[in-house]
Amino acid sequence: MKWPKLNPGELVHQISILQPVAGSDESGATVTMQPLFANVPAKIEVVRGIDVLRSGQATTQLYVTVSIWFRAGILPNMQVQAKNGLYVIQSVENVLERGIVLKLNCLALGRNE
């Protein structure tokens with residue numbers, strides 16, 4: 001069986017993993033995003049982009065895969081903050097279940113989402 005590997009030379013992006021934190025303010029319950037891990041080296045690859053109609057407007061959905069060294073505690077619905085965008089983690093893949101490489105399958109968030 002092959003061991004999962006990740007080329008360190010391809011980890012050219014610095015990202016932060018953000019987790020939701022429940023709170024409250026004058027208007028009631030709120031959810032804010034706070035860093036769980038900061039300055040994580042990552043590889044970001046575009047999987048596909050599609051155009052969709054939403055509320056009568058054409059928008060683009062961009063799907064990316066973010067590869068990082070294994071870190072426990074990363075869950076779907078957390079977010080990835082990169083220099084050029086914000087991504088919602090849709091699924092987390094522990095490659096070959098070895099605890100070496102994580103692949104985060106993400107959807108890019110636009111300014112109005």
Side-chain angles (χ1 to χ4, degrees):
M1 175 183 287
K2 289 186 174 184
W3 282 89
K5 59 184 176 179
L6 192 56
N7 182 349
E10 294 178 338
L11 303 176
V12 297
H13 302 94
Q14 290 294 317
I15 64 167
S16 294
I17 304 294
L18 307 175
Q19 66 179 345
V21 176
S24 63
D25 61 10
E26 301 82 33
S27 63
T30 62
V31 175
T32 59
M33 300 303 286
Q34 294 182 350
L36 176 64
F37 301 110
N39 297 323
V40 177
K43 173 184 177 183
I44 299 176
E45 299 175 276
V46 174
V47 176
R48 73 180 186 277
I50 58 173
D51 291 328
V52 294
L53 278 176
R54 183 179 297 163
S55 302
Q57 289 186 319
T59 61
T60 301
Q61 289 184 338
L62 182 66
Y63 294 90
V64 300
T65 298
V66 179
S67 301
I68 62 172
W69 295 115
F70 181 84
R71 291 177 184 255
I74 298 176
L75 303 171
N77 291 330
M78 290 184 173
Q79 295 179 357
V80 173
Q81 175 70 60
K83 179 180 178 184
N84 294 322
L86 183 63
Y87 309 97
V88 173
I89 300 172
Q90 294 188 314
S91 66
V92 179
E93 178 187 353
N94 181 0
V95 178
L96 296 177
E97 297 296 323
R98 297 288 183 185
I100 298 171
V101 174
L102 282 182
K103 289 195 175 195
L104 311 175
N105 299 303
C106 304
L107 174 63
L109 284 179
R111 289 192 174 112
N112 296 326
E113 297 182 70

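Keep in mind that the numbers below use all heavy atoms, side chains included, and drop hydrogens, waters and symmetry copies. For this chain, numbers begin at 1 and follow the sequence in order.
- Applying the side chain to side chain donor-acceptor pair (under 3.5 Å) rule to Lys103 yields no partners; only residues at least two apart in sequence or on another chain are considered.
- One finds the OG atom of Ser67 at 7.5 Å from the CG atom of Leu104 (value rounded to the nearest 0.5 Å).
- The CZ atom of Phe70 lies 5.5 Å from the CG atom of Leu102; values are rounded to the nearest 0.5 Å.
- Listed by chain and residue number, Asn94 satisfy the side-chain contact (heavy atoms from CB on, under 4.5 Å) test with Glu97 (two or more places apart in sequence, or in another chain).
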Show me the side-chain donor-acceptor pairs of residues 77-89 shorter than 3.5 Å, one per line, residues at least two apart or across chains.
residue : atom : partner : partner atom : Å
Gln81   : NE2  : Gly85   : O            : 3.4

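- Met33 has its side chain within reach of Pro20: a pair of non-hydrogen atoms, C-beta onward, lies under 4.5 Å apart.
- Heavy atoms only, all atoms of each residue included: Pro41 and Ile68 are closest at O-CG2, 3.7 Å.
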Can you list, pair by pair, the side-chain donor-acceptor contacts under 3.5 Å of residues 4-16, counting residues two or more places apart and other chains?
residue : atom : partner : partner atom : Å
Asn7    : OD1  : Gly9    : N            : 2.9
Glu10   : OE1  : Lys43   : NZ           : 2.9

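- Connection of Val21 to Val31 is not established within any shared hydrophobic cluster, with ILVMFWY side chains joined at heavy-atom distances below 4.5 Å, either directly or through further cluster members.
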